[in-house]
Amino acid sequence: MTWKQVFTSSVGKKLVMGFTGIFLILFLIVHVGLNACIWAGDNGEMFNKAAHFMGATVVPRVLEIGLFAGFFLHIIQGYMLAAQNKAKRPVGYAVNYGNRGSKWYSRSMGILGSLILLFLIMHVYHFWTPSRLGGIGNVHELAAVEYNGREYHNLFLEMKMVFESPVVVILYIVACISLAYHLAHGFQSAFRTIGVHNKRYNMMLTALGNGFAIIVPLAFAMMPVSFYLGWV
Amino acid sequence: MEHYTMNLNLKVWRQKNNSSKGAFKLYRVENISSEMSFLEMFDVLNEQLIHDGEEPIAFDHDCREGICGTCSMYINGKPHGPWQANTTCQLHMRAFKDGDTIVVEPWRAGAFPVIKDLMVDRSAFDRIIQAGGYISVNTGNAVDGNALPIAKDKADESFAAAMCIGCGACVAACKNSSAMLFLSAKVSHLALLPQGEPERKSRVMNMVAQMDKEGFGSCTNTGACEATCPKEISLTHIARLNKEYIFAGVTEK
Amino acid sequence: MLDAKIPAGPLDDKWNDYKGHCKLVNPANKRKLEIIIVGTGLAGASAAASLGEMGYKVKAFCFQDSPRRAHSIAAQGGINAAKNYQNDGDSVFRLFYDTIKGGDYRARESNVHRLAEVSANIIDQCVAQGVPFAREYGGLLSNRSFGGTQVQRTFYAAGQTGQQLLIGAYQALERQVALGNVKMYSRHEMLEIVKIDGKARGIIARDLVKGTLERHFGHAVLLCSGGYGNVFYLSTNAMGSNVTAAWKAHRQGAVFANPCFTQIHPTCIPVSGDHQSKLTLMSESLRNDGRIWVPKQKGDTRKASDIPEEERDYYLERRYPAFGNLVPRDVASRAAKERCDEGYGVGSSKQAVYLDFAAAIERYGRTEANKQGKDHASLDEIIAMGKEVVKEKYGNLFDMYEKITGENPYEVPMRIYPAVHYTMGGLWVDYELQTTVPGLYALGEANFSDHGANRLGASALMQGLADGYFVIPYTIGNYLADEIYSKAVSTDHEAFAAAEKSVSDRINQLMNIKGKQSVESFHKRLGKIMWDKCGMARNAQGLQEAITEIQALKKEFWSDLKVPGEVNEMNPELDKANRVADFIELGELMCKDALNRNESCGGHFREEYQTEDGEALRDDANYMYVGAWEYAGDSNWTLHKEVLNYEVIKPTQRNYK
């Protein structure tokens, strides 16, 4: 039995999904924590500094590569699994088991994930490319702001501008809802996949996952809303 | 319990053999007693078909007491019909009312090809067991049954997994046609017992490999299998299998 | 003609001596010897696994879609073994004695003693295979009591002991399949024995999916095809359980022993209507805690709960104070029939008695309250706690009862009635389990050897596994040691061709009747004749009528049967037709045997032969023999007698009072 077999078997592929999923959940915690700085009431100073730290320090930059790898694996593997699993039933049912046997979002991880992927492309275009690649080629450059004599990218201002559009705000909210349901299944499922089989732990993780799936996407959704309604 | 009779419309999948294309066919049965089992209702229908010179509907059944795991109908969108923790043979017509239309399909999965009408080939399950679902002990080698005490809760949990009747409802219910509940029940059953210890790692690796070879999908923890399992095998066995697999995969040479 | 080949010497030493002196086959020769096994229940699967492990080339056949589905799986209560783990005085001798006595002194001493001897090994073997038997908190195996014994020697796995044992044997079998020692043929039905020079040399099997006939060679053939209870149409057997394999062997010269010995199980769910296709057993273990009663007043239509304690007749406790509700099955069944025939039956059909758990629930509730230190628990609390205990013990059985009847047995007493459950009769075998055809063996319920006229609860599993794991591996060597010189015969041999032709002729004949009546309707009619006239109670007049009626039914069957579909395809109606045709012939023989046996013993109760208080009256002077019937053409049999010699046990009137 080789390691390759371990990770390419049906269980192994799920392991990849589970581990990358947990990694992405960790990323969400960092991301939401950082972005919550917009509500510091200092017109974005703390937020811009934090964003600068993430962009200008070595360790987060290295982790960022891992993050992209994580996303990439999670997405590719997810699509491959969805396609393979679908192919395992060449003739479908006339009447489906549906919600009697499982939650709709548990069965719709592919669709939810796809919505999140579409959002991600938009999101990267909105914020990541200008802050990392601004000025290169045609990529538009972020405005600058100065705190204590040092110049920072004014990402806060960028958010304000982006979230002026109601369409964008609605798209972000839709994405957050997708993320919420993706997490409602994904959080506890990831832990089952990596082998947590104690009934009590599973119950705790499900409760924790549900809490996470509500709080984190809600916090994310409140960001565009806050900008749009002028709360920050 | 109030007894009553009913007339029903049945929409049943008919398929001559594995290589032919199947289709639904409509039938009507009358004066069905609420006391009958679902399969007895099919017996009535088949007698009617034979009388009318049509071919009766082929379906798998044997013990008719919910333990052999042979019966396998997908009734109104649920394996084994509407009752919880139940097999088709134990489903009784009390579950339906006059005028109902009931749709009956075979188990659907690439790994369970249709043989005829509602019968499917589940030999893939046998081959998964062949890959390692046993303890290698030859007849006559055993020590005294009480030589190795096993904690009651472990024995009970092992038994809860061993209750699996191998009917395949988990595969039929799963959107991925995954056999993980079946597989994990066997892995759990044996992994929880000290007798299963020596082959613990190779068992789970080989059985998963065979399951993949048979063309079952992978598990996405939707829980549909657990919801439909006639013996209420728990989803936690799948998580245990995952743990066993990781452990075996990481430590196996 | 019948030589039982019982080894000489004292009973205790026979099996050891036999094992020490029987011929052996060396490993290199085992690889060249092929064995065919028909049926994969406890006997078949355990034999296939053991023989495969030993190095023989084994081919195993079952008509089910997987060997794991054989009807052994449905056994609920448990498996006996003389382990004496409970320190209650059990021993090999006691198990042997209980089995002989339970069988009403119609079983062969040597075989039964061997069964008791190997019983302990079975438990060890199964535990080693990972069978999750019930355990005590200390981690040791748990036991319960069963009918017909006064010790606790029954090992169990909730109400699914048969399932767990079969899965154990099935896994051992699949392991041999994986190793290439056993080749498994599922969805195959054996339809003929092939004999060459008087020896069994193979079978003709039908692939039930394709409908084609196949020839298979074997140096020996083992029939592990179960019992024939389905001759009654309604029984606790699986729908597919049939006599065909045994019957083909019988027609090829294997004599059939004690066909009339049928076990009627006392605790089954009563028939609910004409649509009924099978009967469901409620494990005998329920009689440990349930009390059986009927109203004292004839035709009482009150609800059970409205009948006060003093107006209930706990007739088993009244008639048999020593064993009470735990009398053997035949006694309990007859007592229930007697009450219902007298007009005391309950339920809408009046063909049922109550099995009541109220007392047990309260008793367990009080124990539980004590354990939890609740001295002042109310009756409701006690009952609630008692229900929990009962649920843990019998939960799955109670659920099954509720699914079938729609009544909640925790609240109202169960209604039960006897139903056909097991057949003690079967192919006659000698000490080595060989039939009268050399090279043809019968194991498990398919043979007649161990249970006499009545089988004790939890002994069928024991016998199936004893035969498969611990007996046949020795005895078959004794035969095959002389077969090492016979090369495998090509299946082109004329005997194979002739056998295949006879099978295909019969199939074509069945298909070409093109009459009007379905197989099912014939089977139902046969069942009714058998149940009415050769069931729980029989008399000479009824049996004679039954024989005439069955002969007429046979004629009608072969002239007005309608089998739809084609030969060369999956055709369940054709499979059934083949089986019912054999059941009809067997039914006639059963009546003949019952008519011949002018005594009552065990499951065979002739109304003419009973004591004043209605107990079975044996006639040891004239009938202490195995009635073995040799097939001599259509509706024609010759009786051979194997006289039973009791060297150790003195037969007495069975007394459970």
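First the proteins, then the strands, lettered A, B, ... as listed; each starts at 1. This one's a predicted model, so the numbers in the text were calculated from it and none came from an experiment.
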Participant: CZ/B/Arg94 to NZ/C/Lys403 distance, rounded to the nearest 0.5 angstrom?
Facilitator: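 B/Arg94 atom CZ to C/Lys403 atom NZ measures 11.0 Å (nearest 0.5 Å).
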Participant: If you count heavy-atom pairs under 4.5 Å between each of B/Asn17, B/Thr70, B/Leu193, B/Leu39 and chain C, which one has the most?
Facilitator: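 The residue among B/Asn17, B/Thr70, B/Leu193, B/Leu39 with the greatest pair count is B/Thr70.
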Participant: So does B/Thr139 get a backbone contact from the side chain of C/Glu53, meaning a donor-acceptor N/O pair under 3.5 Å?
Facilitator: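 Yes; judged by distance alone, with no hydrogens or angles, the pair exists.
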Participant: Got a donor-acceptor contact below 3.5 angstrom from the C/Arg69 side chain to the B/Gly166 backbone?
Facilitator: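 Yes: the side chain of C/Arg69 pairs with the backbone of B/Gly166.
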Participant: Quick one: of B/Ser34, B/Ala131, B/Gly196, B/Ala155, who has the most non-hydrogen atom pairs under 4.5 Å with chain C?
Facilitator: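 If we count pairs closer than 4.5 Å to chain C, B/Ala155 comes out on top.
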Participant: Main chain of C/Gly130, side chain of B/His189: is a donor-acceptor contact present, judged purely on distance under 3.5 Å?
Facilitator: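 Side chain of B/His189 to backbone of C/Gly130: a pair is present.
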Participant: So what's closer than 4.5 Å to chain C heavy atoms on B/Val143: side chain, backbone, both or neither?
Facilitator: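 For B/Val143, the contact with chain C is made by the backbone alone.
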Participant: By a 4.5 Å heavy-atom criterion (distance strictly below it), what part of B/Phe59 contacts chain C: side chain, backbone, both, or neither?
Facilitator: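 No part of it gets close to chain C.
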Participant: Answer with side chain, backbone, both or neither: which region of B/Leu49 has an atom nearer than 4.5 Å to a non-hydrogen atom of chain C?
Facilitator: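 It is neither, since no heavy atom gets under 4.5 Å.
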Participant: How long is the straight-line distance from CG of B/Asn141 back to CD of C/Gln129, given to the nearest 0.5 Å?
Facilitator: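 It comes to 11.0 Å.
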Participant: Please classify the contact between C/Leu141 and chain B as side chain, backbone, both or neither, with a heavy-atom cut-off of under 4.5 Å.
Facilitator: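 C/Leu141 touches chain B through backbone and side-chain heavy atoms alike.
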Participant: Between B/Asp153, B/Ile67, B/Ile135, which residue shows the highest count of heavy-atom pairs closer than 4.5 Å to chain C?
Facilitator: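 So the answer, after comparing B/Asp153, B/Ile67, B/Ile135, is B/Ile67.
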Participant: Assess whether side-chain contact (heavy atoms from CB on, under 4.5 Å) is satisfied between B/Asp126 and C/Tyr170, documenting all intermediate values.
Facilitator: CA-CA 9 Å; B/Asp126 289 333; C/Tyr170 158 76; 2.5 Å; yes
Participant: Let me know if C/Leu279 has heavy atoms under 4.5 Å from chain B in its side chain, its backbone, both or neither.
Facilitator: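 Backbone of C/Leu279 only, per the 4.5 Å heavy-atom cut-off to chain B.
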Participant: At a heavy-atom separation under 4.5 Å, does B/Asp60 approach chain C through its side chain, its backbone, both, or neither?
Facilitator: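 Interface part for B/Asp60: side chain.
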Participant: Is it the case that the side chains of C/Ser277 and B/Glu40 hold a donor-acceptor pair, with the cut-off being a distance below 3.5 Å and no angle test?
Facilitator: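 Short answer, yes.
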Participant: Ignoring hydrogens and geometry beyond distance, is a side-chain donor-acceptor pair present between C/Arg175 and B/Ser136 at under 3.5 Å?
Facilitator: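 Judged by distance alone, the side chains do pair up.
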Participant: Chain C heavy atoms under 4.5 Å from B/Lys154: which part of the residue, side chain, backbone, both or neither?
Facilitator: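 Neither the backbone nor the side chain of B/Lys154 comes within 4.5 Å of chain C.
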Participant: Please check: side-chain N/O of B/Asp62 versus main-chain N/O of C/Gly240, any donor-acceptor pairing under 3.5 Å?
Facilitator: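 Between the backbone of C/Gly240 and the side chain of B/Asp62 there is a qualifying donor-acceptor contact (under 3.5 Å).
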Participant: Does any heavy atom of chain B fall under 4.5 Å from the side chain of C/Asp65, the backbone, both, or neither of them?
Facilitator: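 Interface part for C/Asp65: both.
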Participant: I'd like to know if the side chain of B/Gln130 and the backbone of C/Leu179 have a donor-acceptor N/O pair within less than 3.5 Å.
Facilitator: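 Absent.
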Participant: Taking salt bridge (charged side-chain N to carboxylate O under 4.0 Å, His left out) as the definition, give me every residue that meets it alongside C/Asp124, ordered by chain and number, with sequence neighbours left out.
Facilitator: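 Scan of C/Asp124 (salt bridge (charged side-chain N to carboxylate O under 4.0 Å, His left out), adjacent residues dropped) gives C/Lys83.
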Participant: Inspect the contact between C/Lys278 and B/Asp43 and indicate whether a charged nitrogen and a carboxylate oxygen are less than 4.0 angstrom apart.
Facilitator: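 No salt bridge links B/Asp43 with C/Lys278.
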